[in-house]
Amino acid sequence: GESVGLHLPTLSVQEGDNSIINCAYSNSASDYFIWYKQESGKGPQFIIDIRSNMDKRQGQRVTVLLNKTVKHLSLQIAATQPGDSAVYFCAEKGNDYKLSFGAGTTVTVRA
Amino acid sequence: DGGITQSPKYLFRKEGQNVTLSCEQNLNHDAMYWYRQDPGQGLRLIYYSQIVNDFQKGDIAEGYSVSREKKESFPLTVTSAQKNPTAFYLCASSMFGGNYGYTFGSGTRLTVV
């Protein structure tokens, strides 16, 4: 079946450095993508989204890049802070209007 | 403030007992979802409902049941038929159709002993 996945399960980043979290998707019909952040023991929180007619979208300290040619999505976090330590999930919306979630990348920020 | 509320936050049950997890939203969202999350794992869809009085099985529906009698509420029952019920359960809601993300609750951690 079609699914969303992340390239790496864990990422360790020095505080102050930029983080890049990657995600590969396989459903070429997906037209909407979201990044979520989940802190330990909590529900996922919306970070940023992007529609398939865009290739880049910026938020506060975060940027999402979409490359439809290779079906790749990435989340860039600028000047990573200790509070950015969490699990990050990408999600895609296909024809059935439901989101499909990747397995997640655990980001650990080193002081 | 609008939001989605799951209760209780922690739940302990003896093996063989059914247990019902509550999920309520006041966002006027059409669709609601239940996910299961095991340690270090992603989100697996249990059941979802896109409209009142209708719901569909997700990827891991066996041993679970739901109802959607009101737009605001989507309770999940974990039955004794569920072989490994200990997990973190997440409820979510969204508008239906179009490009909408999900709003998640804070989760219920169920431990069966």
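The sequence lines fix the lettering, A, B, ..., with proteins before strands; numbering per chain opens at 1.
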**Q** Quick check: is Y32(A) connected to Y97(A) through a chain of hydrophobic side chains (ILVMFWY, heavy atoms under 4.5 Å apart)?
**A** no
**Q** In terms of heavy-atom contacts, does NZ of K9(B) have more than 12 from other residues, nucleotides or ligands at under 6.0 Å?
**A** yes
**Q** Counting only non-hydrogen atoms closer than 4.5 Å, does Q45(A) touch chain B with its backbone (N, CA, C, O), its side chain (CB onward), both, or neither?
**A** neither
**Q** Please determine whether the number of non-hydrogen atoms from other residues, nucleotides or ligands lying under 6.0 Å from atom NZ of K42(A) exceeds 12.
**A** no
**Q** Search all heavy atoms of F88(B) against all heavy atoms of Q38(A) and return the closest pair with its distance.
**A** CE2-NE2, 3.9 Å
**Q** Provide the closest heavy-atom pair for L45(B) versus K98(A) in the form atom of the first, atom of the second, distance.
**A** CD2-CE, 3.6 Å
**Q** Check whether K93(A) gets within reach of chain B through its side chain, its backbone, both or neither, counting any heavy atom under 4.5 Å.
**A** side chain
**Q** Ignoring hydrogens and angles, write down the donor-acceptor pairs under 3.5 Å from the side chains of residues 90-102 of chain B, residues two or more places apart or on other chains.
**A**
from    : atom 1 : to     : atom 2 : distance (Å)
S93(B)  : OG     : H29(B) : ND1    : 2.8
S94(B)  : OG     : Y33(B) : OH     : 3.0
Y102(B) : OH     : L99(A) : N      : 2.8

**Q** Which atoms of Q50(B) come close to chain A, meaning under 4.5 Å heavy atom to heavy atom: side chain ones, backbone ones, both, or neither?
**A** side chain
**Q** Between F46(A) and F104(B), is the side chain to side chain contact (heavy atoms under 4.5 Å, CB included) condition met? List the steps.
**A** CA-CA 9 Å; F46(A) 173 94; F104(B) 283 88; over 6 Å; no
**Q** Are I60(B) and L76(B) grouped together when hydrophobic residues (ILVMFWY) are joined by side-chain heavy atoms under 4.5 angstrom apart?
**A** yes
